[in-house]
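The chains referred to below are lettered A, B, ... by the order of the sequence lines, with proteins before strands, and numbering in each begins at 1.
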Amino acid sequence: MRLDLAGVSARIDARPIVSEVDLTAEPGEFVALVGPNGSGKSTLLRTVYRSLRPSGGVVRLDGADLWEMRPRQAARHRAVLPQHGQAADGFSVAEVVAVGRHSHRKPLGRETAADREAVTTALRRVGMDWAADRLMTTLSGGERQRVFLARALAQEAPLLVLDEPTNHLDVGSQLLLLDLVRSLGLTLLAALHDLDQAAAYADRVVVLDQGRVVGHGPPLDVLTPAFIEEVFGVRAHVGPHPLTGRPHIAVASLR
Amino acid sequence: MTDTRIHVKSSPHLISGPATGVLLAVLTVALIAALALGVSVGSVTLPPGQVWSVVWAHLSGHGDRTDPTLGQVVWEIRTPRALLAALAGAGLAVAGVALQALVRNPLADPYVLGVSSAASLGAVLVPALGGTALAGLAGSLGVTGAAFVAAVASALVVYMLAQRSGRLLDSWLVLSGVAVGYLCTAGTTFVQLQLNPTELQGMMFWLMGSVAGASWDDLGVPTLVIVACVAWLLTQARALNALLSGQDAAVAVGVPVAAQRVGLLLVGSLLTATVVSVVGGIGFVGLMIPHGVRFVVGADHRRVLPVSLLAGALFLVLVDLAARTVDRPNELPVGVFTTGFGVPFFLWLLRRRTSGGSDAS
């Protein structure tokens with residue numbers, strides 16, 4: 001699934017937040033969206049969730065306008081791991097993941113064997129199948145986030161959009177989650193606030209600042225120390241990770 | 001590898017999966033039994049044999065050959081009354097479930113949007129307007145009609161206050177509902193002061209909620225509206241589950257969230273307005289029944305909705321039975337009983353649940 005944002009602008013309460021963003025993600029590619037707080041990352045992603053209609057430009061999936069699709073059709077093409085996962089009281093893990101099957105059913109259709117299979121498979125892929133019959137409220141933050149990922153996987157969509165998926169997770173859970181999404185073979189668009197993680201995991205980064213794209217390309221080409229200082233206002237060291245050999249970015253304040 | 005059906009025993013809910021079917025069957029049988037009891041028992045208890053020969057005579061279309069007074073008591077008074085109680089209980093419970101999902105707040109009840117207070121205001125206005133320029137309008141609507149119009153109007157006002165370019169804001173919805181509710185309550189209090197004691201007596205009974213005085217004639221339209229609203233809501237179980245996952249998550253899985261929420265608000269309010277306009281403000285059913293049901297079957301609306309429907313109907317039929325038998329031949333308002341029984345039960349449930357640690361996190 002190829003994602004293509006062409007000249008996308010978005011407003012909240014008539015205030016422009018994102019201006020004329022061009023962004024593509026090729027099939028199977030991991031594109032990281034980075035930028036300071038308030039740069040418009042979440043707002044831009046909302047135009048791909050279909051929770052905020054762009055005020056200009058177009059979002060295309062394999063050439064088809066995402067906003068012209070019916071809600072269920074769109075849900076079969078792109079899945080989302082939202083920033084604020086909510087676990088209402090009284091839902092079991094399997095029931096939460098089953099919500100991801102919404103677009104695969106007719107309004108009155110009963111749960112099919114395929115639905116149950118998709119739920120089980122999704123839970124197994126995130127390593128949470130042991131918890132299918134646990135209440136969501138009994139899980140840790142990292143476990144819950146993996147269940148929300150399973151809900152997105154149950155949609156069986158080729159594009160996965162993630163909004164700061166590692167927020168509020170401990171370091172182990174953060175890397176586990178990133179390794180996991182990386183291994184899924186899906187087209188990925190993720191807003192990340194950790195530059196080191198963006199450099200280590202993404203094929204390409206797109207940098208937003210004040211609602212505009214100020215850099216895009218392979219992480220090491222874009223995220224140079226001078227560029228990082230200009231956009232984020234921090235000193236940066238860029239080099240191979242001492243343990244993994246992958247691109248690594250260490251930052252320090254300017255003072 | 002794993003089939004979810006194998007996991008039934010380890011389910012986190014007291015009753016889940018196939019056992020829910022059994023629960024629904026048990027509730028249905030209990031409801032039919034309670035309705036039968038409701039028709040047989042009253043200020044005078046009638047022999048069951050005679051009662052059933054009356055009911056059967058009417059259902060089968062044969063002439064009623066029993067004592068005409070007895071026939072009238074059973075068929076014209078008690079049967080519609082028991083059915084109205086079932087209908088109102090089911091409607092309130094399902095409306096409660098829908099509105100709790102809409103505002104994503106388990107403490108919401110069908111009256112959170114001010115519908116009940118507005119209906120009361122509409123009702124008290126009818127006698128108060130007698131002799132004024134609006135007397136004709138008030139008279140043609142009747143108490144029920146005026147209550148219904150006022151309830152629907154309040155829901156629309158709350159909806160307009162809480163929406164912003166087509167999106168409903170949770171907190172605004174609750175706040176404007178509460179504000180409109182208070183305004184209507186103040187209005188009701190003011191109007192009550194203008195009424196004479198006789199008018200007030202009739203109003204009080206209505207304000208506290210009652211299914212007394214139900215007749216076949218005023219059962220028709222409410223039945224249609226309530227059945228249609230409940231039927232639609234029953235088909236929305238999965239969308240309700242998605243809404244509870246958060247607005248973005250619901251959009252992501254393919255729920256047209258804005259339209260869905262407007263639909264829920266309108267159908268939930270219409271349902272509540274209809275119930276309130278025929279039976280008055282019966283408190284607590286819409287809050288307590290969904291909670292009790294969630295405690296037993298979990299929060300998945302595919303189970304919560306049908307179980308609440310039957311549990312709500314059963315509860316109100318039984319409560320009405322109690323309201324007219326504990327102090328025979330006097331009758332007490334149903335609302336006093338739903339709250340009187342409801343609050344202790346609800347608090348017990350809450351304590352039990354918390355001590356069980358099921359939601360400790």
Enquirer: Which residues in residues 149-174 of chain A have any heavy atom closer than 4.5 Å to a heavy atom of chain B?
Expert: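 Residues in range: A:Arg151, A:Gln155.
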Enquirer: Are side-chain heavy atoms of A:Arg134 and B:Pro12 found at a separation under 4.5 Å?
Expert: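 A:Arg134 does not reach B:Pro12 side chain to side chain.
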Enquirer: Any chance you could measure B:His13, atom NE2, to A:Leu135, atom CG, to the nearest 0.5 Å?
Expert: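 Reported value, rounded in 0.5 Å steps: 6.0 Å.
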Enquirer: side-chain hydrogen bond (donor to acceptor under 3.5 Å, both in side chains) with A:Glu95: which of B:Arg302, B:His301, B:Arg303?
Expert: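 Checked B:Arg302, B:His301, B:Arg303 against A:Glu95; only one passes side-chain hydrogen bond (donor to acceptor under 3.5 Å, both in side chains): B:Arg303.
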Enquirer: What distance separates A:Met136 CE from B:Ser245 OG, expressed to the nearest 0.5 Å?
Expert: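 Reported to 0.5 Å precision, the distance equals 9.0 Å.
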Enquirer: Taking every non-hydrogen pair under 4.5 Å, which of A:Leu81, A:Leu123, A:Val80, A:Thr121 racks up the most with chain B?
Expert: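 Answer, by heavy-atom pair count under 4.5 Å with chain B: A:Val80.
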Enquirer: Indicate the atoms forming the closest heavy-atom contact of B:Ala252 with A:Ala75, along with that distance.
Expert: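 So the two residues come closest at O-CB, 3.4 Å.
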Enquirer: For B:Val253, which of A:His104, A:Arg76, A:His102 qualifies under side-chain contact (heavy atoms from CB on, under 4.5 Å)?
Expert: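 Testing each of A:His104, A:Arg76, A:His102 against B:Val253, the sole residue satisfying side-chain contact (heavy atoms from CB on, under 4.5 Å) is A:His102.
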Enquirer: Enumerate the side-chain hydrogen bond (donor to acceptor under 3.5 Å, both in side chains) contacts for residues 307-316 of chain B, please, sequence neighbours excluded, ordered by first and then second residue.
Expert: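 Pairs touching residues 307-316 of chain B that pass the test: none.
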Enquirer: Within a strict 4.5 Å, meaning less than it, do heavy atoms of the A:Val99 and B:Arg238 side chains meet?
Expert: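 Heavy-atom side-chain distance check fails, nothing below 4.5 Å.
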Enquirer: Are the side chains of B:Asp248 and A:Gln83 in touch, meaning some heavy atoms are under 4.5 Å apart?
Expert: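 No, too far: nothing below the 4.5 Å cut-off.
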Enquirer: Are any non-hydrogen side-chain atoms of A:His84 and B:Gln247 less than 4.5 angstrom apart?
Expert: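 Not touching, per the 4.5 Å side-chain cut-off.
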Enquirer: Heavy-atom cut-off 4.5 Å, strictly under: side chain, backbone, both or neither for B:Val255 against chain A?
Expert: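 Looking at B:Val255, backbone and side chain both touch chain A.
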Enquirer: Quick one: ring-ring contact (aromatic ring centres under 6.0 Å, His included) partners of B:Phe284, sequence neighbours excluded?
Expert: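 In terms of ring-ring contact (aromatic ring centres under 6.0 Å, His included), with neighbours along the sequence ignored, B:Phe284 is linked to B:Phe346.
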Enquirer: Please determine whether the number of non-hydrogen atoms from other residues, nucleotides or ligands lying under 6.0 Å from atom CG of A:Asp179 exceeds 12.
Expert: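 Enclosed.
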Enquirer: Which residues in residues 45-52 of chain A have any heavy atom closer than 4.5 Å to a heavy atom of chain B?
Expert: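 Interface residues of residues 45-52 of chain A: A:Arg46, A:Tyr49, A:Arg50, A:Ser51.
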Enquirer: Where do A:Arg78 and B:Val251 come nearest, in terms of heavy atoms and distance?
Expert: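 Shortest heavy-atom contact: NH2-O, 3.9 Å.
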Enquirer: At a 4.5 Å cut-off on heavy atoms, which part of B:Ala250 comes close to chain A: side chain, backbone, both, or neither?
Expert: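 Neither; nothing under 4.5 Å.
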